[in-house]
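Below is one structure, written out as structure tokens; the observations come after it.
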Number of protein chains: 2
Amino acid sequence: MTQSKTDPRVLRTRKLIMDSFIELSGKKEFKDITVKDITTEAKINRATFYYHFEDIYDLLDKVLSEVLLINLNAIDFEKSELNEASIIDIFVAITDFQKALSNRCHRGYDETIARIIREQLEIIFYGMLRKQQTEENESLKVTAVILSWGIYGASVEWRRNRNESSPEAFIKSAIPFLMSGIEHV
Amino acid sequence: MTQSKTDPRVLRTRKLIMDSFIELSGKKEFKDITVKDITTEAKINRATFYYHFEDIYDLLDKVLSEVLLINLNAIDFEKSELNEASIIDIFVAITDFQKALSNRCHRGYDETIARIIREQLEIIFYGMLRKQQTEENESLKVTAVILSWGIYGASVEWRRNRNESSPEAFIKSAIPFLMSGIEHV
DNA sequence: GTCCATTTGTCGTTTATGCAACACATTGAT
DNA sequence: ATCAATGTGTTGCATAAACGACAAATGGAC
């Protein structure tokens with residue numbers, strides 16, 4: 001990703017901050033967590049926090065992205081193609097991620113979370129599409145955008161009818177549409 | 001102890017180094033552990049190691065002192081007096097410490113370990129004696145020295161006849177001598 | 001509303017750590 | 001014995017992090 005993170009001091013400090021934030025998230029709601037709380041927990045100076053993050057929302061962004069990435073990295077994208085199985089895996093990972101979040105009291109930040117999920121999905125879909133299509137044209141990007149919004153939207157709808165069906169069954173019903181579309185990019 | 005350790009960076013780095021050293025001690029013998037190993041494990045720069053420690057022997061010193069101190073701190077010296085019970089506690093802590101060390105393959109450093117134990121004992125005994133005697137004279141220091149050597153020597157002898165008796169029983173037989181001496185300082 | 005305490009972002013300075021390079025010692029293989 | 005490889009301890013410089021201070025913003029209590 002970024003190449004400037006090679007300084008071990010930076011890696012250590014960021015991990016301290018992020019871990020402390022995750023720790024505190026288990027104890028109170030996001031709105032009650034202050035920058036001071038985090039830096040006290042992490043035993044770092046408050047000024048150092050602002051050296052790495054714009055503010056606490058920037059931190060939330062990056063922590064969520066990282067957690068989601070870890071969820072998604074359980075799926076080995078390097079080997080898997082964009083097919084029925086991988087789409088189902090991704091969908092399940094997203095619904096799991098949202099379930100974990102709602103348990104951790106991150107209410108009121110649905111918009112932020114939605115954006116993060118879509119951004120990550122777009123990156124992943126674009127990468128997978130590019131592996132299957134040798135030529136790199138604009139339609140790959142647009143397809144990735146549409147897929148990211150579509151899959152995210154499906155996860156929202158699935159949560160709305162919770163307990164009606166498993167996430168696997170839910171997304172499977174859209175596979176014919178998705179796959180034929182992907183094959184004709 | 002030292003007042004300069006307040007900088008959180010110093011505390012973090014020293015902990016990283018010491019923890020890495022303890023971790024490595026579980027895998028190989030002391031003679032096979034290099035400074036490079038430690039700094040690689042701790043993910044700190046090698047030059048930083050020398051900022052905190054003279055060399056690897058200095059590190060060994062400080063790690064052992066700290067581990068022993070933690071063992072001894074289980075006994076609450078602030079409240080306890082220098083009596084039969086506390087002497088037995090201290091003796092047991094020392095024999096436990098030595099047992100733990102021999103399991104961790106620190107062979108060949110008996111002299112170093114002996115010195116560390118005696119130094120710590122001397123500090124502790126002097127502190128306890130000073131609490132009981134209001135006047136602070138030279139004989140307190142000498143008494144602390146003799147006690148530290150004596151108790152350490154007793155632990156050596158106990159280990160030599162291992163399985164003969166419990167450490168508690170072993171040191172108990174010296175209590176009459178020790179206590180009457182302490183009372184007449 | 002006002003007051004008071006706490007938090008937020010920012011800044012300048014000091015200090016600890018990272019990094020690359022160095023000469024030298026130690027080790028191990030041939 | 002020689003040579004290469006690795007470890008040691010040290011140095012000068014670059015940079016991240018600590019610290020204290022500050023004005024401004026926020027949030028309760030009254």
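Convention: sequence-line order gives letters A, B, ...; per-chain numbering from 1.
Hydrophobic clustering (ILVMFWY, side-chain heavy atoms < 4.5 Å, transitive): B:I94 and B:W149 are in distinct clusters.
A salt bridge does not link A:R118 to A:E122: none of the charged side-chain nitrogens sits closer than 4.0 Å to a carboxylate oxygen. In summary, B:K27 and B:E23 engage in a salt bridge, as defined by a charged side-chain N under 4.0 Å from a carboxylate O.
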Which parts of nucleotides 23-29 of chain D does protein reach within less than 4.0 Å, heavy atoms only, written one letter per nucleotide 5' to 3' as B for base, S for sugar-phosphate only and - for none?
-> -------

Quick one: what's the B/S/- string for nucleotides 17-26 of chain C, heavy-atom cutoff under 4.0 Å, read 5' to 3'?
-> BSB-------

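Alongside A:Y51, the hydrophobic cluster contains no other residue (criterion: ILVMFWY side chains under 4.5 Å). Its side chain within the 4.5 Å cluster rule, B:I146 clusters with B:V142 among the Ile, Leu, Val, Met, Phe, Trp and Tyr residues.
If you take NZ of B:K36 and P of D:dA5, they are 15 Å apart, rounded to a whole angstrom. Going from atom NZ of A:K31 over to atom C1' of C:dT8 covers 18 Å, rounded to whole Å. Atom C1' of nucleotide D:dT8 and atom CD of B:E54 are separated by 14 Å, given to the nearest angstrom. Between A:D37 atom CG and C:dT7 atom P there is a gap of 7 Å when expressed in whole angstrom units. Rounded to whole Å, atom C1' of D:dA16 lies 14 Å from atom CZ of A:F53. In this structure, A:F49 atom CZ and C:dT10 atom P are separated by 11 Å, rounded to whole Å.
Between B:Y50 and D:dT10 there is no side-chain polar atom (N or O) within less than 4.0 angstrom of OP1 or OP2.
With hydrogens and angles ignored, the 3.5 Å screen pairs a side-chain donor or acceptor of A:S20 with a backbone N or O of A:L16.
At its two ends the helix from C:dG1-D:dC30 to C:dT30-D:dA1 runs along axes set 50° apart, each axis drawn from five pairs and the angle rounded to 10°.
Every residue was checked against the ring-ring contact (aromatic ring centres under 6.0 Å, His included) condition with B:F91, not counting sequence neighbours, and none meets it.
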